[in-house]
2 protein chains.
Amino acid sequence: MSIAIENFVKAIYKNGKRDNNDTKPGNIAKELGISNAAATDMAKKLAIKDLINYEKYQELKLTVKGNKMALNVIRKHRLWEALLFKLFDMSLHDIHREAELLEHQTSDLLANKISEYLGNPKFDPHGDPIPNADGEITTTDTSISLSNSEEGKNYIISRLMSDDKEFFDFCAQHGLKYGNTVLVSKQFSKNKMTQILINNNTILLNEDFTSIIYVNEQD
Amino acid sequence: MSIAIENFVKAIYKNGKRDNNDTKPGNIAKELGISNAAATDMAKKLAIKDLINYEKYQELKLTVKGNKMALNVIRKHRLWEALLFKLFDMSLHDIHREAELLEHQTSDLLANKISEYLGNPKFDPHGDPIPNADGEITTTDTSISLSNSEEGKNYIISRLMSDDKEFFDFCAQHGLKYGNTVLVSKQFSKNKMTQILINNNTILLNEDFTSIIYVNEQD
DNA sequence: AAAAATATTTAAGCTTACTTAAATTTATTT
DNA sequence: AAATAAATTTAAGTAAGCTTAAATATTTTT
(Lines give C-alpha, C1' and ligand atoms only; values in the text may rest on other atoms or scores of the structure.)
Protein backbone atom coordinates (compact mmCIF):
# COMPACT_ATOMS: atom_id res chain seq x y z
CA MET A 1 0.00 0.00 0.00
CA SER A 2 1.23 3.45 -0.94
CA ILE A 3 2.14 6.41 1.21
CA ALA A 4 -0.88 8.29 -0.16
CA ILE A 5 -3.19 5.50 0.97
CA GLU A 6 -1.62 5.26 4.40
CA ASN A 7 -1.97 8.99 4.90
CA PHE A 8 -5.57 8.87 3.72
CA VAL A 9 -6.75 6.24 6.18
CA LYS A 10 -4.77 7.97 8.89
CA ALA A 11 -6.53 11.25 8.13
CA ILE A 12 -9.93 9.54 8.32
CA TYR A 13 -8.99 8.00 11.64
CA LYS A 14 -7.72 11.26 13.09
CA ASN A 15 -10.63 13.39 11.87
CA GLY A 16 -13.04 10.75 13.12
CA LYS A 17 -11.57 10.99 16.61
CA ARG A 18 -11.85 14.74 16.79
CA ASP A 19 -14.93 16.43 18.25
CA ASN A 20 -16.20 17.66 14.92
CA ASN A 21 -16.15 14.03 13.77
CA ASP A 22 -16.24 15.08 10.16
CA THR A 23 -14.84 12.47 7.78
CA LYS A 24 -16.40 13.72 4.57
CA PRO A 25 -14.05 14.06 1.62
CA GLY A 26 -13.72 17.82 1.99
CA ASN A 27 -12.41 17.59 5.51
CA ILE A 28 -9.96 14.83 4.62
CA ALA A 29 -8.82 16.87 1.64
CA LYS A 30 -8.17 19.82 3.93
CA GLU A 31 -6.19 17.65 6.34
CA LEU A 32 -4.02 16.29 3.54
CA GLY A 33 -3.73 19.47 1.48
CA ILE A 34 -5.27 17.98 -1.65
CA SER A 35 -8.36 18.92 -3.67
CA ASN A 36 -11.84 17.69 -2.78
CA ALA A 37 -11.99 15.91 -6.11
CA ALA A 38 -8.82 13.98 -5.30
CA ALA A 39 -10.27 12.94 -1.96
CA THR A 40 -13.48 11.65 -3.56
CA ASP A 41 -11.39 9.80 -6.13
CA MET A 42 -9.26 8.19 -3.49
CA ALA A 43 -12.31 7.29 -1.40
CA LYS A 44 -13.65 5.21 -4.28
CA LYS A 45 -10.35 3.44 -4.69
CA LEU A 46 -10.09 2.63 -1.00
CA ALA A 47 -13.61 1.26 -0.98
CA ILE A 48 -12.59 -1.25 -3.67
CA LYS A 49 -9.65 -2.28 -1.48
CA ASP A 50 -12.03 -2.77 1.44
CA LEU A 51 -10.31 -0.11 3.53
CA ILE A 52 -13.35 2.14 3.85
CA ASN A 53 -17.09 2.05 3.28
CA TYR A 54 -18.05 4.70 0.80
CA GLU A 55 -21.52 5.99 0.03
CA LYS A 56 -22.00 9.11 -2.02
CA TYR A 57 -22.25 12.31 0.01
CA GLN A 58 -21.81 10.41 3.27
CA GLU A 59 -19.06 10.29 5.87
CA LEU A 60 -16.13 8.04 5.00
CA LYS A 61 -16.05 5.11 7.41
CA LEU A 62 -13.04 2.91 7.99
CA THR A 63 -13.55 -0.84 7.73
CA VAL A 64 -11.90 -3.11 10.29
CA LYS A 65 -9.07 -3.54 7.81
CA GLY A 66 -8.76 0.21 7.25
CA ASN A 67 -8.81 0.89 10.96
CA LYS A 68 -6.02 -1.60 11.47
CA MET A 69 -3.94 0.05 8.79
CA ALA A 70 -4.46 3.49 10.33
CA LEU A 71 -3.44 2.28 13.77
CA ASN A 72 -0.41 0.50 12.36
CA VAL A 73 0.82 3.73 10.80
CA ILE A 74 0.02 5.72 13.93
CA ARG A 75 1.92 3.14 16.00
CA LYS A 76 4.99 3.63 13.84
CA HIS A 77 4.65 7.40 13.96
CA ARG A 78 4.45 7.49 17.75
CA LEU A 79 7.25 4.98 18.21
CA TRP A 80 9.51 7.09 16.02
CA GLU A 81 8.57 10.17 18.01
CA ALA A 82 9.40 8.39 21.24
CA LEU A 83 12.74 7.13 19.89
CA LEU A 84 13.86 10.43 18.40
CA PHE A 85 12.76 12.24 21.55
CA LYS A 86 14.87 9.91 23.67
CA LEU A 87 17.98 9.93 21.51
CA PHE A 88 18.23 13.41 20.09
CA ASP A 89 17.91 16.98 21.22
CA MET A 90 15.28 18.13 18.76
CA SER A 91 12.07 20.13 19.06
CA LEU A 92 8.83 18.17 19.27
CA HIS A 93 7.75 19.86 16.08
CA ASP A 94 10.84 18.72 14.19
CA ILE A 95 10.46 15.24 15.64
CA HIS A 96 6.87 15.15 14.47
CA ARG A 97 7.91 16.11 10.96
CA GLU A 98 10.54 13.40 10.76
CA ALA A 99 8.13 10.79 12.12
CA GLU A 100 5.57 11.86 9.53
CA LEU A 101 7.96 10.58 6.85
CA LEU A 102 9.60 7.65 8.62
CA GLU A 103 6.25 6.08 9.60
CA HIS A 104 5.70 4.95 6.00
CA GLN A 105 9.08 3.29 5.60
CA THR A 106 9.17 1.15 8.68
CA SER A 107 8.65 -2.60 8.71
CA ASP A 108 6.62 -4.19 11.49
CA LEU A 109 9.84 -5.86 12.58
CA LEU A 110 11.62 -2.54 13.01
CA ALA A 111 8.63 -1.04 14.82
CA ASN A 112 8.74 -3.91 17.27
CA LYS A 113 12.47 -3.45 17.77
CA ILE A 114 11.98 0.24 18.53
CA SER A 115 9.17 -0.56 20.94
CA GLU A 116 11.25 -3.20 22.71
CA TYR A 117 14.25 -0.87 22.93
CA LEU A 118 12.10 1.77 24.60
CA GLY A 119 10.57 -0.71 27.02
CA ASN A 120 7.25 -0.93 25.17
CA PRO A 121 6.08 2.55 26.10
CA LYS A 122 2.35 3.26 26.21
CA PHE A 123 2.61 6.95 25.33
CA ASP A 124 4.59 9.13 22.98
CA PRO A 125 6.18 12.49 23.92
CA HIS A 126 2.86 14.28 23.24
CA GLY A 127 1.10 11.97 25.65
CA ASP A 128 -0.70 10.21 22.83
CA PRO A 129 -1.19 6.47 23.32
CA ILE A 130 0.92 4.08 21.22
CA PRO A 131 -1.12 1.23 19.72
CA ASN A 132 0.35 -2.22 20.35
CA ALA A 133 1.56 -4.57 17.62
CA ASP A 134 -2.01 -5.79 17.07
CA GLY A 135 -3.23 -2.25 16.46
CA GLU A 136 -4.99 -1.93 19.79
CA ILE A 137 -4.92 0.95 22.21
CA THR A 138 -5.17 -0.68 25.63
CA THR A 139 -4.86 2.44 27.74
CA THR A 140 -8.02 4.32 28.60
CA ASP A 141 -7.88 8.04 28.29
CA THR A 142 -9.77 9.96 31.00
CA SER A 143 -8.27 13.30 30.16
CA ILE A 144 -10.27 16.39 29.26
CA SER A 145 -9.36 19.48 27.30
CA LEU A 146 -8.47 22.64 29.20
CA SER A 147 -11.56 24.18 27.62
CA ASN A 148 -13.61 21.91 29.84
CA SER A 149 -11.55 22.37 32.99
CA GLU A 150 -12.79 23.94 36.20
CA GLU A 151 -11.60 27.08 37.88
CA GLY A 152 -9.38 26.63 40.89
CA LYS A 153 -8.37 23.06 40.18
CA ASN A 154 -4.94 21.59 39.57
CA TYR A 155 -4.36 19.47 36.50
CA ILE A 156 -1.55 17.44 34.98
CA ILE A 157 -0.89 17.89 31.29
CA SER A 158 -1.47 14.62 29.51
CA ARG A 159 -1.61 15.47 25.81
CA LEU A 160 -0.72 18.24 23.41
CA MET A 161 -2.82 17.40 20.38
CA SER A 162 -1.21 19.39 17.63
CA ASP A 163 1.34 19.24 14.86
CA ASP A 164 1.73 23.00 14.72
CA LYS A 165 5.14 24.56 15.13
CA GLU A 166 3.92 27.86 16.57
CA PHE A 167 1.96 25.98 19.19
CA PHE A 168 4.94 23.85 20.22
CA ASP A 169 7.22 26.85 20.34
CA PHE A 170 4.71 28.50 22.66
CA CYS A 171 4.49 25.34 24.79
CA ALA A 172 8.26 24.97 25.05
CA GLN A 173 8.56 28.61 26.04
CA HIS A 174 6.04 28.35 28.88
CA GLY A 175 6.79 24.88 30.21
CA LEU A 176 3.62 23.38 28.84
CA LYS A 177 4.65 19.79 28.48
CA TYR A 178 3.55 16.24 29.16
CA GLY A 179 3.52 15.61 32.93
CA ASN A 180 3.70 19.20 34.15
CA THR A 181 1.16 20.67 36.56
CA VAL A 182 -1.13 23.61 35.81
CA LEU A 183 -3.57 25.50 38.00
CA VAL A 184 -6.64 26.83 36.20
CA SER A 185 -6.88 30.17 37.96
CA LYS A 186 -9.72 31.73 35.97
CA GLN A 187 -12.16 30.88 33.17
CA PHE A 188 -13.54 33.74 31.12
CA SER A 189 -16.70 32.24 29.70
CA LYS A 190 -17.52 35.32 27.65
CA ASN A 191 -14.52 35.22 25.31
CA LYS A 192 -13.55 31.64 26.09
CA MET A 193 -10.17 32.54 27.49
CA THR A 194 -8.52 30.55 30.27
CA GLN A 195 -6.01 31.89 32.73
CA ILE A 196 -3.58 29.31 34.08
CA LEU A 197 -0.65 29.25 36.46
CA ILE A 198 2.33 27.19 35.36
CA ASN A 199 5.92 27.33 36.61
CA ASN A 200 4.89 30.29 38.78
CA ASN A 201 3.85 32.23 35.72
CA THR A 202 0.36 33.30 34.83
CA ILE A 203 -0.57 32.92 31.19
CA LEU A 204 -3.74 33.43 29.23
CA LEU A 205 -4.89 30.94 26.61
CA ASN A 206 -7.57 31.26 23.96
CA GLU A 207 -9.77 28.42 22.84
CA ASP A 208 -7.54 27.45 19.92
CA PHE A 209 -5.02 26.38 22.53
CA THR A 210 -7.23 25.17 25.42
CA SER A 211 -9.09 22.83 23.08
CA ILE A 212 -5.92 20.92 22.17
CA ILE A 213 -4.27 20.84 25.60
CA TYR A 214 -5.53 17.76 27.45
CA VAL A 215 -5.21 17.29 31.19
CA ASN A 216 -6.07 14.94 34.03
CA GLU A 217 -7.29 16.11 37.40
CA GLN A 218 -4.63 16.03 40.06
CA ASP A 219 -5.70 13.91 43.02
CA MET B 1 13.71 15.13 -5.60
CA SER B 2 11.90 11.82 -5.69
CA ILE B 3 12.90 8.43 -4.32
CA ALA B 4 13.25 7.13 -7.89
CA ILE B 5 15.71 9.88 -8.71
CA GLU B 6 17.72 9.37 -5.52
CA ASN B 7 17.97 5.66 -6.23
CA PHE B 8 18.98 6.33 -9.81
CA VAL B 9 21.92 8.60 -9.00
CA LYS B 10 22.91 6.24 -6.21
CA ALA B 11 22.95 3.33 -8.66
CA ILE B 12 25.13 5.29 -11.08
CA TYR B 13 27.51 6.14 -8.26
CA LYS B 14 27.70 2.57 -7.01
CA ASN B 15 28.11 0.97 -10.44
CA GLY B 16 30.71 3.59 -11.30
CA LYS B 17 32.78 2.60 -8.27
CA ARG B 18 32.76 -1.09 -9.09
CA ASP B 19 35.51 -2.69 -11.15
CA ASN B 20 33.32 -3.19 -14.21
CA ASN B 21 32.66 0.57 -14.11
CA ASP B 22 29.63 0.14 -16.30
CA THR B 23 27.11 2.99 -15.95
CA LYS B 24 25.20 2.48 -19.17
CA PRO B 25 21.42 2.41 -18.86
CA GLY B 26 21.20 -1.36 -19.05
CA ASN B 27 23.43 -1.88 -16.05
CA ILE B 28 21.61 0.74 -13.99
CA ALA B 29 18.31 -0.85 -14.99
CA LYS B 30 19.58 -4.20 -13.77
CA GLU B 31 20.71 -2.70 -10.46
CA LEU B 32 17.30 -1.08 -9.89
CA GLY B 33 15.14 -3.86 -11.30
CA ILE B 34 13.54 -1.69 -13.99
CA SER B 35 13.47 -1.98 -17.77
CA ASN B 36 16.21 -0.59 -19.99
CA ALA B 37 13.68 1.73 -21.57
CA ALA B 38 12.80 3.19 -18.18
CA ALA B 39 16.47 3.78 -17.43
CA THR B 40 17.01 5.63 -20.72
CA ASP B 41 13.91 7.68 -20.02
CA MET B 42 15.09 8.61 -16.56
CA ALA B 43 18.58 9.42 -17.83
CA LYS B 44 17.12 12.09 -20.11
CA LYS B 45 15.13 13.58 -17.27
CA LEU B 46 18.12 13.70 -14.95
CA ALA B 47 20.21 15.38 -17.64
CA ILE B 48 17.65 18.21 -17.75
CA LYS B 49 17.95 18.54 -13.98
CA ASP B 50 21.72 18.75 -14.33
CA LEU B 51 22.27 15.61 -12.26
CA ILE B 52 23.99 13.64 -15.01
CA ASN B 53 25.59 14.18 -18.40
CA TYR B 54 23.83 12.10 -20.97
CA GLU B 55 24.97 11.31 -24.48
CA LYS B 56 23.24 8.64 -26.52
CA TYR B 57 24.76 5.18 -26.20
CA GLN B 58 27.39 6.45 -23.77
CA GLU B 59 28.03 5.86 -20.07
CA LEU B 60 25.92 7.95 -17.71
CA LYS B 61 28.15 10.39 -15.87
CA LEU B 62 27.17 12.15 -12.67
CA THR B 63 27.60 15.92 -12.59
CA VAL B 64 29.03 17.55 -9.47
CA LYS B 65 25.46 18.12 -8.34
CA GLY B 66 24.46 14.51 -9.04
CA ASN B 67 27.51 13.19 -7.24
CA LYS B 68 26.64 15.28 -4.22
CA MET B 69 23.10 13.93 -4.20
CA ALA B 70 24.34 10.34 -4.42
CA LEU B 71 26.76 10.83 -1.54
CA ASN B 72 24.08 12.53 0.53
CA VAL B 73 21.79 9.52 0.17
CA ILE B 74 24.65 7.11 0.83
CA ARG B 75 25.56 9.08 3.95
CA LYS B 76 22.03 8.70 5.26
CA HIS B 77 21.95 5.02 4.39
CA ARG B 78 25.17 4.28 6.24
CA LEU B 79 24.25 6.41 9.24
CA TRP B 80 20.98 4.51 9.57
CA GLU B 81 22.86 1.22 9.34
CA ALA B 82 25.23 2.32 12.05
CA LEU B 83 22.39 3.49 14.31
CA LEU B 84 20.21 0.41 13.87
CA PHE B 85 23.25 -1.81 14.35
CA LYS B 86 24.05 -0.07 17.62
CA LEU B 87 20.54 -0.01 19.04
CA PHE B 88 18.91 -3.21 17.87
CA ASP B 89 19.69 -6.88 17.60
CA MET B 90 19.01 -7.32 13.91
CA SER B 91 20.85 -9.05 11.07
CA LEU B 92 23.01 -6.86 8.84
CA HIS B 93 20.82 -7.87 5.96
CA ASP B 94 17.64 -6.70 7.67
CA ILE B 95 19.39 -3.51 8.75
CA HIS B 96 20.43 -2.88 5.16
CA ARG B 97 16.87 -3.31 3.96
CA GLU B 98 15.47 -0.87 6.50
CA ALA B 99 18.18 1.68 5.68
CA GLU B 100 17.36 1.32 2.00
CA LEU B 101 13.94 2.83 2.76
CA LEU B 102 14.78 5.23 5.58
CA GLU B 103 17.58 6.90 3.61
CA HIS B 104 15.02 8.70 1.43
CA GLN B 105 12.96 10.09 4.30
CA THR B 106 15.67 11.65 6.37
CA SER B 107 16.34 15.36 6.62
CA ASP B 108 19.91 16.63 6.71
CA LEU B 109 19.16 17.78 10.24
CA LEU B 110 18.22 14.28 11.38
CA ALA B 111 21.23 12.77 9.60
CA ASN B 112 23.47 15.15 11.51
CA LYS B 113 21.76 14.26 14.79
CA ILE B 114 22.32 10.56 14.13
CA SER B 115 25.95 11.18 13.25
CA GLU B 116 26.50 13.28 16.36
CA TYR B 117 24.81 10.69 18.57
CA LEU B 118 27.12 7.99 17.22
CA GLY B 119 30.22 10.14 17.68
CA ASN B 120 30.54 11.00 14.00
CA PRO B 121 31.64 7.52 12.92
CA LYS B 122 33.74 7.15 9.78
CA PHE B 123 32.52 3.66 8.87
CA ASP B 124 29.24 1.75 8.87
CA PRO B 125 28.85 -1.85 10.10
CA HIS B 126 29.94 -3.20 6.71
CA GLY B 127 33.13 -1.19 6.95
CA ASP B 128 31.97 1.19 4.24
CA PRO B 129 33.00 4.82 4.73
CA ILE B 130 30.32 7.34 5.76
CA PRO B 131 30.48 10.58 3.76
CA ASN B 132 30.52 13.72 5.90
CA ALA B 133 27.81 16.40 5.85
CA ASP B 134 29.47 18.02 2.83
CA GLY B 135 29.30 14.77 0.89
CA GLU B 136 33.00 14.05 1.14
CA ILE B 137 34.69 10.79 2.02
CA THR B 138 37.78 11.80 3.92
CA THR B 139 39.07 8.36 4.78
CA THR B 140 41.38 6.62 2.34
CA ASP B 141 40.72 2.99 1.69
CA THR B 142 43.81 0.81 1.34
CA SER B 143 41.96 -2.48 1.60
CA ILE B 144 42.08 -5.22 -1.04
CA SER B 145 39.65 -7.98 -1.86
CA LEU B 146 40.40 -11.49 -0.58
CA SER B 147 40.72 -12.52 -4.24
CA ASN B 148 43.91 -10.48 -4.32
CA SER B 149 45.26 -11.62 -0.97
CA GLU B 150 48.47 -13.59 -0.49
CA GLU B 151 48.86 -17.06 0.91
CA GLY B 152 50.09 -17.30 4.48
CA LYS B 153 49.30 -13.73 5.46
CA ASN B 154 47.00 -12.48 8.19
CA TYR B 155 44.36 -9.90 7.32
CA ILE B 156 41.71 -7.89 9.11
CA ILE B 157 38.28 -7.77 7.54
CA SER B 158 37.46 -4.21 6.61
CA ARG B 159 34.44 -4.42 4.33
CA LEU B 160 31.72 -6.81 3.29
CA MET B 161 30.48 -5.30 0.04
CA SER B 162 27.12 -6.92 -0.44
CA ASP B 163 23.42 -6.54 0.16
CA ASP B 164 22.73 -10.23 -0.21
CA LYS B 165 20.99 -12.12 2.58
CA GLU B 166 22.57 -15.50 1.84
CA PHE B 167 26.00 -13.92 1.97
CA PHE B 168 25.33 -12.25 5.31
CA ASP B 169 23.87 -15.39 6.78
CA PHE B 170 27.04 -17.20 5.74
CA CYS B 171 29.21 -14.44 7.23
CA ALA B 172 27.31 -14.42 10.51
CA GLN B 173 27.62 -18.18 10.74
CA HIS B 174 31.38 -18.19 10.27
CA GLY B 175 32.37 -15.08 12.16
CA LEU B 176 33.19 -13.13 9.04
CA LYS B 177 32.67 -9.60 10.23
CA TYR B 178 34.20 -6.17 10.28
CA GLY B 179 37.33 -6.16 12.47
CA ASN B 180 37.89 -9.90 12.67
CA THR B 181 41.18 -11.54 11.69
CA VAL B 182 41.57 -14.13 8.92
CA LEU B 183 44.58 -16.15 7.82
CA VAL B 184 44.69 -16.92 4.12
CA SER B 185 45.97 -20.48 4.34
CA LYS B 186 45.78 -21.46 0.68
CA GLN B 187 44.96 -19.94 -2.73
CA PHE B 188 43.79 -22.31 -5.46
CA SER B 189 44.56 -20.33 -8.58
CA LYS B 190 43.06 -22.95 -10.88
CA ASN B 191 39.44 -22.72 -9.69
CA LYS B 192 39.86 -19.41 -7.89
CA MET B 193 39.05 -20.81 -4.48
CA THR B 194 40.55 -19.43 -1.28
CA GLN B 195 41.03 -21.35 1.93
CA ILE B 196 41.00 -19.25 5.07
CA LEU B 197 41.30 -19.81 8.79
CA ILE B 198 38.89 -17.86 10.97
CA ASN B 199 37.87 -18.46 14.58
CA ASN B 200 39.96 -21.65 14.48
CA ASN B 201 37.87 -22.97 11.60
CA THR B 202 39.01 -23.60 8.08
CA ILE B 203 36.58 -22.54 5.38
CA LEU B 204 36.74 -22.49 1.63
CA LEU B 205 35.47 -19.49 -0.36
CA ASN B 206 34.79 -19.17 -4.07
CA GLU B 207 35.37 -16.01 -6.04
CA ASP B 208 31.81 -14.75 -5.65
CA PHE B 209 32.65 -14.32 -1.99
CA THR B 210 36.35 -13.44 -2.02
CA SER B 211 35.70 -10.61 -4.47
CA ILE B 212 33.36 -8.83 -2.05
CA ILE B 213 35.25 -9.43 1.20
CA TYR B 214 37.78 -6.64 1.66
CA VAL B 215 40.70 -6.82 4.04
CA ASN B 216 43.73 -4.92 5.27
CA GLU B 217 47.08 -6.53 5.95
CA GLN B 218 47.75 -7.10 9.60
CA ASP B 219 51.02 -5.45 10.66
C1' DA C 1 34.41 -7.28 -42.88
C1' DA C 2 30.03 -9.27 -42.72
C1' DA C 3 26.78 -11.64 -39.76
C1' DA C 4 24.87 -12.36 -35.43
C1' DA C 5 24.09 -11.04 -30.89
C1' DT C 6 23.38 -7.56 -27.59
C1' DA C 7 22.25 -3.05 -25.88
C1' DT C 8 20.04 1.28 -26.43
C1' DT C 9 16.54 4.13 -27.91
C1' DT C 10 11.97 5.38 -29.49
C1' DA C 11 7.08 4.87 -29.42
C1' DA C 12 2.84 3.84 -27.48
C1' DG C 13 0.42 2.75 -23.43
C1' DC C 14 -0.60 2.01 -18.37
C1' DT C 15 -1.34 3.27 -13.26
C1' DT C 16 -1.13 6.38 -9.45
C1' DA C 17 -2.12 10.54 -7.56
C1' DC C 18 -3.01 14.48 -8.32
C1' DT C 19 -5.19 19.09 -10.88
C1' DT C 20 -9.13 22.48 -12.55
C1' DA C 21 -13.77 23.24 -14.22
C1' DA C 22 -18.43 22.07 -14.55
C1' DA C 23 -22.44 19.55 -12.92
C1' DT C 24 -24.99 17.84 -9.23
C1' DT C 25 -26.42 17.21 -4.57
C1' DT C 26 -26.86 18.69 0.13
C1' DA C 27 -27.10 22.21 3.66
C1' DT C 28 -28.15 26.79 5.10
C1' DT C 29 -30.38 31.00 5.00
C1' DT C 30 -34.08 34.05 4.39
C1' DA D 1 -40.52 26.48 1.00
C1' DA D 2 -37.72 28.70 -2.17
C1' DA D 3 -33.33 30.78 -2.93
C1' DT D 4 -28.67 30.79 -2.01
C1' DA D 5 -24.44 28.90 -0.49
C1' DA D 6 -21.42 25.18 0.18
C1' DA D 7 -19.84 20.63 -0.54
C1' DT D 8 -19.48 16.63 -3.34
C1' DT D 9 -19.05 14.36 -7.52
C1' DT D 10 -18.01 13.81 -12.37
C1' DA D 11 -15.25 14.73 -16.29
C1' DA D 12 -11.19 15.78 -18.56
C1' DG D 13 -6.40 16.37 -18.25
C1' DT D 14 -1.41 16.18 -16.34
C1' DA D 15 3.24 14.37 -14.61
C1' DA D 16 5.98 10.67 -12.77
C1' DG D 17 7.54 6.31 -13.30
C1' DC D 18 7.03 2.55 -15.02
C1' DT D 19 5.73 -1.37 -19.02
C1' DT D 20 6.21 -3.97 -23.74
C1' DA D 21 7.28 -3.99 -28.63
C1' DA D 22 9.68 -2.32 -32.44
C1' DA D 23 13.47 0.33 -34.47
C1' DT D 24 18.14 1.53 -34.36
C1' DA D 25 22.88 1.49 -32.95
C1' DT D 26 26.84 -0.84 -31.02
C1' DT D 27 29.59 -4.87 -29.92
C1' DT D 28 31.05 -9.38 -30.48
C1' DT D 29 31.74 -13.38 -33.01
C1' DT D 30 33.07 -15.91 -36.91
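Given the structure is predicted, the values throughout are model-derived calculations rather than measurements. In the text below, chain A, chain B and the rest are named by the order of the sequence lines, each starting its count at 1.
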Practice task
Starting at atom CD of E6(A), determine the distance to atom C1' of dT16(C), rounded to an integer number of angstrom.
Solution key: 15 Å
Practice task
Using atom CD of E59(B) as one end and atom P of dA7(C) as the other, report the distance to the nearest whole Å.
Solution key: 13 Å
Practice task
Sorted by first residue and then second, give each ring-ring contact (aromatic ring centres under 6.0 Å, His included) pair with at least one member in residues 97-119 of chain A; sequence neighbours left out.
Solution key: Y117(A)-F88(B)
Practice task
Respond yes when some side-chain nitrogen or oxygen of S2(A) is under 4.0 Å from OP1 or OP2 of dA17(C), and no when none is.
Solution key: yes
Practice task
Could you tell me which residues satisfy ring-ring contact (aromatic ring centres under 6.0 Å, His included) with F168(B), sequence neighbours excluded, listed by chain and number?
Solution key: H126(B)
Listed pairs under 3.5 Å, donor-acceptor, residues 46-57 of chain A side chains, sequence neighbours left out:
none

Handout entry: Backbone N/O of L60(B) and side chain of T23(B): donor-acceptor pair under 3.5 Å
Key = yes
Exercise for the section: Could you tell me whether the phosphate oxygens of dT19(C), OP1 or OP2, come under 4.0 Å of any side-chain nitrogen or oxygen in S35(A)? Expected result: yes
Tell me which donor-acceptor pairs under 3.5 Å the side chains of residues 132-140 of chain A have, and how far apart each pair is, sequence neighbours excluded?
| unit_1 | atom_1 | unit_2 | atom_2 | d |
| --- | --- | --- | --- | --- |
| N132(A) | OD1 | D134(A) | N | 2.9 |
| N132(A) | OD1 | G135(A) | N | 3.2 |
| N132(A) | OD1 | E136(A) | N | 3.0 |

Handout entry: For atom CE of M1(B) and atom P of dA15(D), their distance in whole Å
Key = 17 Å
Practice task
May I have all residue pairs that pass side-chain hydrogen bond (donor to acceptor under 3.5 Å, both in side chains) and include part of residues 25-40 of chain B, sequence neighbours excluded?
Solution key: R18(B)-E31(B)
Problem - Under 4.0 Å protein heavy-atom contact, by nucleotide of nucleotides 2-10 of chain D - B base, S sugar-phosphate only - result: ------BBB
Exercise for the section: Mind calculating the distance between NZ (K30(B)) and P (dA7(C)) to the nearest angstrom? Expected result: 8 Å
Handout entry: For atom CD1 of I3(A) and atom P of dA17(C), their distance in whole Å
Key = 10 Å
Practice task
Using atom CD1 of I34(B) as one end and atom C1' of dG17(D) as the other, report the distance to the nearest whole Å.
Solution key: 8 Å
